[in-house]
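Reminder, nothing fancy here: chain letters follow the sequence lines and each chain counts from 1. Below, each value reflects all heavy atoms present in this structure, side chains not excepted, and no hydrogens, waters or symmetry copies.
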Amino acid sequence: MPDQDRVVHRTAPIEKRVEAIQSVIAERGENVAQALEELGHVAQEQWIPQNGARVVARAWVDPEFRKRLLANGREAVAELGFTMPKHHRHLVVLENSPSVQNVICCTQCSCTAFSLIGLPPDWYKDLEYRARVVRESRTVLKEMGLDLAAEVEVRVWDTTADTRYMVLPERPAGTEGWTEERLAGIVTRDGLIGVARL
Amino acid sequence: MDAMYDLGGKQGFGRIRYAKGARAFHEPWEVRANALYALAVRFGILNMDEYRHAIERMEPRHYLTASYYERSLTGLATLCVEKGLVTRDELERRAGGAFPLSQPSAPGRTNLATRERFRPGDRVRVRQDVVPGHVRVPAYVRGKTGVVESESPAYPFPDAHAHGIAAEDEPTYDVRFRSDDLWPHSADPATIYVGIFQSYLERAP
C-alpha cells in the first residue's frame with residue numbers, strides 16, 4: 001500500500017507475511033519453532049490478570065504488604081513470585097479510594113504491565129481508547145459502564161515511558177473475613193486497568 | 001516526529017468498542033507475530049525503542065487501518081530489512097506478495113546537555129522541541145506546565161536508543177497536568193499523569 005512504486009502486486013495475506021518473517025528470524029538462532037511456541041504459551045497462559053488479582057488480594061489483607069507495594073511495586077510483586085520484563089524497571093501502583101478513580105492507558109501504543117494485568121484487550125489498543133481517554137475520561141468511562149459521581153477525581157495515567165502502572169481497586173464492602181484466594185477471585189482485569197469498579 | 005501514532009486528545013473517534021472479557025488475541029497468527037517480536041528482542045535484533053519507532057514510521061493510512069498485530073509485524077519486518085537480515089525483495093518473494101513496510105528513519109539525537117534533576121512538587125514545562133526522529137513525549141503536553149509527582153529510575157533515552165546513538169540513561173518523571181490546561185474548555189475534568197524523560201523538561205516559573 002504505502003510505496004507507489006510497489007503497488008504492482010497485491011499485498012501478501014497477513015499469515016504469509018508472518019511466515020516470511022518467521023523464516024528470517026529462524027536463520028538467527030536454534031530451535032526457533034519451539035521458542036515461538038513457548039513465547040506464545042507464556043503470553044496466553046502465564047501473563048494473566050489473575051497475577052495482578054493475587055497482588056491486590058494480598059494488599060487488601062496485609063497492610064504491611066500494601067505499604068511495600070505502594071512504595072516499590074516491582075519488589076513487592078516479586079515477593080509473590082511475579083516477575084516483570086527487564087524493560088519494565090518500575091511499577092507504580094495506584095490506589096483507588098471513594099474519592100479517586102485511577103485509569104491507565106497508553107496513547108502512543110499499548111504499553112501495560114502485561115505480566116501482571118495480561119496482554120491488553122482489543123479496546124485498550126484501539127484508536128478510540130488511546131485518543132479519547134485522556135481528554136474525555138469521564139465520558140469514556142461512562143460508555144464503558146462506569147458512571148462516576150461528579151465529586152470523584154479521575155486520574156488518568158499515560159504510559160509514555162517504561163514505568164508501568166497498575167490500579168489497586170477498593171476492597172468491596174461485604175467481603176470481610178474472606179480468604180485471600182476468594183478475594184483474588186473478584187478482582188478483574190478491567191478493575192486493574194481502572195475502567196471498572198469491583 | 002509528529003506522526004499518526006500520537007493519538008492522545010485527537011478528536012473525531014467514536015465510541016469505545018468495549019466488551020467485558022475482551023481478548024488479547026483472536027487469531028493464531030497474532031500470537032505468532034507477538035512471539036516473533038519477543039524472540040527478536042531476545043536475539044538482540046532490535047531494542048524496544050527501535051521497535052516502537054519502526055511502528056511510528058508506518059505510512060499514516062496504513063497505520064490507521066492496520067490491526068495492532070499487523071502494526072507490530074510491520075515494525076519488526078521494517079527493522080529486519082533495515083538491519084540487513086533480509087532484502088525487501090526476498091521478503092516479498094517469501095511472502096508471495098507485497099509486504100508494506102514503514103517509511104525511512106530520520107536522525108535521532110542525544111540527551112539535552114542542560115537537563116536538570118527535579119523533585120516532587122517542582123513545576124516543570126515540557127520543552128517545545130520538534131524532532132524528526134523518535135521521541136516519546138506526547139504532543140498534547142508539549143509546551144504545557146505541570147507538577148512533578150515522582151521520579152522513576154533511569155532508562156535509555158528513547159531519542160538516542162531508537163537510532164543507535166550514544167546517550168546516558170536518564171530518569172523519567174510522572175508529571176501531573178490538569179486536563180483543562182491541556183485542552184482549555186474542551187476536556188472532561190481530570191488529572192492527567194504522563195511519564196516524561198528528563199531531557200524533555202525544563203523548570204517552569
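Counting heavy-atom pairs closer than 4.5 Å to chain A, the top residue among B/Ala38, B/Ala77, B/Pro138, B/Ala33 is B/Pro138. Between chain A and the options B/Leu76, B/Leu85, B/Asp6, B/Val194, the largest number of non-hydrogen pairs under 4.5 Å is found for B/Leu85.
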Test side-chain contact (heavy atoms from CB on, under 4.5 Å) applied to B/Tyr193 and A/Val156, step by step: CA-CA 6 Å; B/Tyr193 295 78; A/Val156 185; over 6 Å; no

Residues A/Leu36, B/Leu39; criterion side-chain contact (heavy atoms from CB on, under 4.5 Å); working and verdict: CA-CA 7 Å; A/Leu36 291 171; B/Leu39 195 58; 3.8 Å; yes

Pair A/Ile21-B/Leu91, side-chain contact (heavy atoms from CB on, under 4.5 Å): steps then yes or no: CA-CA 7 Å; A/Ile21 286 298; B/Leu91 193 58; 3.8 Å; yes

side-chain contact (heavy atoms from CB on, under 4.5 Å) between B/Asp174 and A/Trp157, worked out: CA-CA 9 Å; B/Asp174 284 341; A/Trp157 298 75; 3.8 Å; yes

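Proximity to chain A (any heavy atom under 4.5 Å) is restricted, for B/Tyr140, to the side chain, taken from C-beta onward. Neither the backbone nor the side chain of A/Phe114 comes within contact range of chain B, judged by heavy atoms closer than 4.5 Å. With a threshold of 4.5 angstrom between heavy atoms, A/Asp126 approaches chain B through side-chain atoms but not through N, CA, C or O. With a 4.5 Å cut-off on non-hydrogen atoms, B/Ser152 touches chain A through its backbone and its side chain both. Contacts between B/Arg42 and chain A at a heavy-atom distance below 4.5 Å involve the side chain alone, from C-beta outward. In this structure, no portion of A/Arg74 lies under 4.5 Å from any heavy atom of chain B. Within the 4.5 angstrom heavy-atom criterion, atoms from both the backbone and the side chain of B/Phe99 approach chain A. Only the side chain of A/Asp190 comes within less than 4.5 Å of a heavy atom of chain B; its backbone N, CA, C and O stay farther away. With a 4.5 Å cut-off on non-hydrogen atoms, A/Cys111 touches chain B through its side chain but not through its backbone. Only the backbone of A/Thr159 comes within contact range of chain B, with at least one heavy atom under 4.5 Å from a heavy atom of that chain. The parts of B/Leu64 that come within reach of chain A are both its backbone and its side chain, each placing non-hydrogen atoms under 4.5 angstrom from that chain. Contacts between B/Ser186 and chain A at a heavy-atom distance below 4.5 Å involve backbone atoms as well as side-chain atoms. Of the atoms belonging to B/Phe25, it is side-chain heavy atoms, and not backbone ones, that fall under 4.5 Å from chain A. Of the atoms belonging to B/Arg93, not a single heavy atom falls under 4.5 Å from chain A. Contact annotation for B/Gln11: only side-chain heavy atoms (C-beta onward) come within less than 4.5 Å of a heavy atom of chain A. Heavy atoms of B/Val137 lying under 4.5 Å from chain A belong exclusively to its backbone. Contacts of B/Arg23 with chain A are made by backbone atoms alone, with heavy-atom separations under 4.5 Å and no side-chain atom involved. If you measure heavy-atom distances from B/Tyr5 to chain A, the contacts under 4.5 Å come from both the backbone and the side chain. Within the 4.5 angstrom heavy-atom criterion, only side-chain atoms of A/Glu27, from C-beta onward, approach chain B.
For the atom pair CD (A/Glu128) and CZ (B/Arg17), the distance works out to 4.5 Å, reported to the nearest 0.5 Å.
Salt bridge A/Arg89/B/Asp169: present, at least one basic N to carboxylate O contact under 4.0 Å. Between B/Glu70 and A/Arg17 there is a salt bridge, since a side-chain N of the basic residue sits under 4.0 Å from a carboxylate O of the acidic one.
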